[in-house]
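To start, the structure itself, in structure tokens.
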Amino acid sequence: MKRLVILLLFQFSIFNFQLTQAQWWTGWSEQTSLALCLHLDGDSLELYSPLQHTDPIPISQWSLQNDTLRIHCKSIGFKATLVRQDSLWQGNWRQGILREQITFHPADTLYRLRRPQTPQPPYRFDEETITADYVDSHGDSIHLEGTLTYPKQSTSAPKRKEEGRRSTAVGECGKYPTIVLVSGSGQQNRDSEILFHKPFLVLADYLASRGIATLRYDDRGVGASTGPLDSADTRTFSEDAEAMLRAVRNNEHVDATRLGIGGHSEGGAIAPMVAARNKEARFVVMLAGMGCTGLDILLQQNDAIYRAKGVSGRLCQVRVACMRDLFALPQGSTVKDYQAVILRHTEGLTPTEVDSIDLKKGVAYTMRQQVETPWWQGFLRLDPADYLPQVKAPILALQGTKDCQVLAAPNIAGITRLAGNHTQHVILSNLNHLFQHCTTGALDEYVRIEETFAPEAMEKIANFILGIK
């Protein structure tokens, strides 16, 4: 599951105060995975949100007294109070219902995200556009568009054909084993882009270097793909994935005898759903895929995410119990019904404890808005027992030990139990939900980790695909 990132928007202009020298500071907002930068230069102050824009944000009102810096923006209800302690600025900011401590550390310049694995021209692959137009089970017309990436063509391919030899990767006339990639929850572009990472592009580039073709596509409603979302759920999205599988099958670069489907997170549930009903999928790759019900996934996730943030086990149990009861409310329940559940579970907790598990009063409205949607209702009922036993193709199930969103142990156990002995499962050490090497697995690490996709994970995927006969 991909985290919804809240971006702070500031509109400021500048007042002056005297400072001794130019200096940069960078602070991180843990709640929003957002970097904020201060630049103090002589008698001026500049504020930046470099993950949103490279231009400075004008400041409307600020003051500096006895090493205490105050920044205020009435138009969006933002306030920050920072105290200089040695080389740091420490304090808090608040905007709307958000409240957070923040520390600004000295820096040499404006913070820049580095994504060293993102491919840059000249590329080591060729590519072409693949489209699919079909009518889904709701009767809606859907147009999907994606990119087929395959190894650069070479003059050696015809020679291999003439000699009657077939390489492990390349078939006759430059046909390649191919995987269709399906993104996780939330509407993603064809690169499955999140927090300036492009994991599907990075994976496609690597697989091309190993002689494997990849089709990645924009989810409906994103980029070049169209289609309604109001009534869509996981099973609806599986129809989209199957449409792209059909669309690429007869491409001249695709070896249809070694055509498979893989996905990440929710896409890791969609891939076997497609393979269970379409035998043209000759293999399945489940990246942080589901072996438990949607309800269990969400409850496990709530416990693991808050533990990774340092919340006590007792409070994590309160959070999980509250979520279980909220998810059990019948459709059509009111905000007051949601609020009653939250108040019952938080009774006796201090305000700080309530804040630590994000169960403040305003959460009721947001929770109701989410849980009442068709996607949430469908996901809560989703059960891999309904489709995994029907998959006869080989399955690779890949997980990271520090995944806080789809936990490795219970889900690998469920996949192995339901899918049978044609499943390979691999749990990789110290990888998070995005298959990055990490420290805690907490969601706020994703943006700061420069690595997009762990090489050992990509190697496992390639070796599995190349082993398909």
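Model, not experiment: these values are computed from the prediction. Residue numbers run from 1 in the order of the sequence given.
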Inset, instruction - Could you walk me through whether Arg235 and Ser137 pass side-chain hydrogen bond (donor to acceptor under 3.5 Å, both in side chains), step by step? - result: CA-CA 10 Å; Arg235 295 187 183 278; Ser137 58; over 6 Å; no
Inset, instruction - Compare every heavy atom of Val284 with every heavy atom of Ala271, then report the nearest pair and how far apart it is. - result: CB-CG1, 4.0 Å
N/O donor-acceptor pairs under 3.5 Å from side chains in residues 194-206, not counting sequence neighbours:
| unit_1 | atom_1 | unit_2 | atom_2 | d |
| --- | --- | --- | --- | --- |
| His197 | ND1 | Arg115 | NE | 3.2 |
| His197 | ND1 | Thr452 | OG1 | 2.8 |
| His197 | NE2 | Arg115 | NE | 3.3 |
| His197 | NE2 | Arg115 | NH2 | 3.4 |
| His197 | NE2 | Gln436 | NE2 | 3.1 |
| His197 | NE2 | Tyr446 | O | 3.2 |
| His197 | NE2 | Ile449 | O | 3.0 |
| Asp205 | OD1 | Arg124 | NE | 3.0 |
| Asp205 | OD2 | Arg124 | NE | 3.2 |
| Asp205 | OD2 | Arg124 | NH2 | 2.9 |
| Tyr206 | OH | Arg210 | NH1 | 2.9 |

Legend entry - OG1 on Thr440 to CZ on Arg307, rounded to 0.5 Å: 14.5 Å
Legend entry - Under 3.5 Å side-chain donor-acceptor pair for Glu242 and Asn278: yes
Legend entry - Check: His433/Asp403 side-chain N/O donor and acceptor closer than 3.5 Å: yes
Legend entry - For Glu445 against Cys438, the heavy-atom pair lying closest together: OE1-CB, 3.4 Å
Legend entry - Closest approach of Trp375 to Phe237 (non-hydrogen atoms, all atoms of both residues): CD1-CE1, 3.8 Å
Inset, instruction - Indicate whether the side chain of Thr147 and that of Arg190 have a donor and an acceptor atom separated by less than 3.5 Å. - result: yes
Inset, instruction - Assess the side chains of Glu266 and Thr234: does a donor N or O sit below 3.5 Å from an acceptor N or O? - result: yes
Inset, instruction - Give a yes or no on this: more than 12 heavy atoms of other residues, nucleotides or ligands lie within 6.0 Å of atom CZ of Arg448. - result: yes
Inset, instruction - Would you check if there is a donor-acceptor pair between the side chains of Glu239 and His138 at a distance under 3.5 Å? - result: no
Inset, instruction - Could you grab the distance from atom CG of Leu144 to atom CG of Leu215, nearest 0.5 Å is fine? - result: 10.0 Å
Legend entry - Full working for side-chain hydrogen bond (donor to acceptor under 3.5 Å, both in side chains) between Tyr134 and Asp240: CA-CA 9 Å; Tyr134 83 106; Asp240 293 351; 2.4 Å; yes
Inset, instruction - Can you see which heavy atom on Val391 is nearest to which on Ile395, and at what distance? - result: CG1-CD1, 3.8 Å
Inset, instruction - Can you measure from CZ (Arg216) to OG1 (Thr149) and round to the nearest 0.5 angstrom? - result: 4.0 Å
Inset, instruction - Verify the neighbour count for atom NE2 of His425: are there more than 12 heavy atoms of other residues, nucleotides or ligands below 6.0 Å? - result: no
Inset, instruction - Enumerate the residue pairs fulfilling side-chain hydrogen bond (donor to acceptor under 3.5 Å, both in side chains) with a member in residues 377-387, sequence neighbours excluded, ordered by first and then second residue. - result: none
Inset, instruction - Would you check if the side chain of Asn411 reaches a backbone N or O of Gly291 as a donor-acceptor pair within less than 3.5 Å? - result: yes
Inset, instruction - Would you give the length of the straight line joining atom CG of Leu299 to atom SG of Cys322, rounded to the nearest 0.5 angstrom? - result: 11.0 Å
Inset, instruction - Only counting residues at least two apart or in another chain, list the ones meeting salt bridge (Lys or Arg N to Asp or Glu O under 4.0 Å) with Asp358. - result: Lys309
Inset, instruction - Measure from the side-chain N and O atoms of Asp191 to the backbone N and O of Glu193, and report whether any donor-acceptor pair falls under 3.5 Å. - result: no
Inset, instruction - Compute the ring centroids of Tyr111 and Trp28, then answer whether they are less than 6.0 Å apart. - result: yes
Inset, instruction - Examine distances only and state if a side-chain atom of Arg220 and a backbone atom of Pro228 form a donor-acceptor pair shorter than 3.5 Å. - result: yes
Inset, instruction - Measure from the side-chain N and O atoms of Glu451 to the backbone N and O of His437, and report whether any donor-acceptor pair falls under 3.5 Å. - result: yes
Inset, instruction - Without swapping roles, check the side chain of Glu46 against the backbone of Leu38 for a donor-acceptor pair under 3.5 Å. - result: no
Inset, instruction - Please round to the nearest 0.5 Å and tell me the distance separating atom CD of Gln369 and atom CE of Met367. - result: 11.5 Å
Legend entry - Flag, side chain of Asn302 to backbone of Leu298, donor-acceptor distance under 3.5 Å: yes
Inset, instruction - Report the distance from atom CG of Leu295 to atom CD of Gln300, rounding to the nearest 0.5 Å. - result: 9.5 Å
Inset, instruction - Assert yes or no for the condition that the ring centre distance of Trp376 to Phe327 is strictly below 6.0 Å. - result: yes
Legend entry - Nearest heavy atoms of Val406 and Ser265, plus distance in Å: CG2-OG, 4.1 Å
Legend entry - Thr178 (side chain) donor-acceptor with Thr214 (main chain) under 3.5 angstrom: no
Legend entry - Arg94 bridged to Glu100 by N-O distance under 4.0 Å: no
Inset, instruction - Give a yes or no on whether the backbone of Val222 and the side-chain of Asp219 come within a donor-acceptor separation of less than 3.5 Å. - result: no
Inset, instruction - Output yes when a side-chain donor or acceptor of Lys279 lies under 3.5 Å from a complementary backbone atom of Ala276, and no otherwise. - result: yes
Legend entry - Full working for ring pair (Phe, Tyr, Trp, His ring centres under 6.0 Å) between Trp24 and Tyr48: CA-CA 10 Å; Trp24 286 94; Tyr48 291 79; 5.3 Å; yes
Legend entry - Flag, side chain of Glu252 to backbone of Asn250, donor-acceptor distance under 3.5 Å: no
Legend entry - Minimum side-chain heavy-atom gap Leu431-Lys402 below 4.5 Å: no
Inset, instruction - Would you tell me whether Glu128 and Asn251 have side-chain atoms, one donor and one acceptor, within less than 3.5 Å of each other? - result: yes
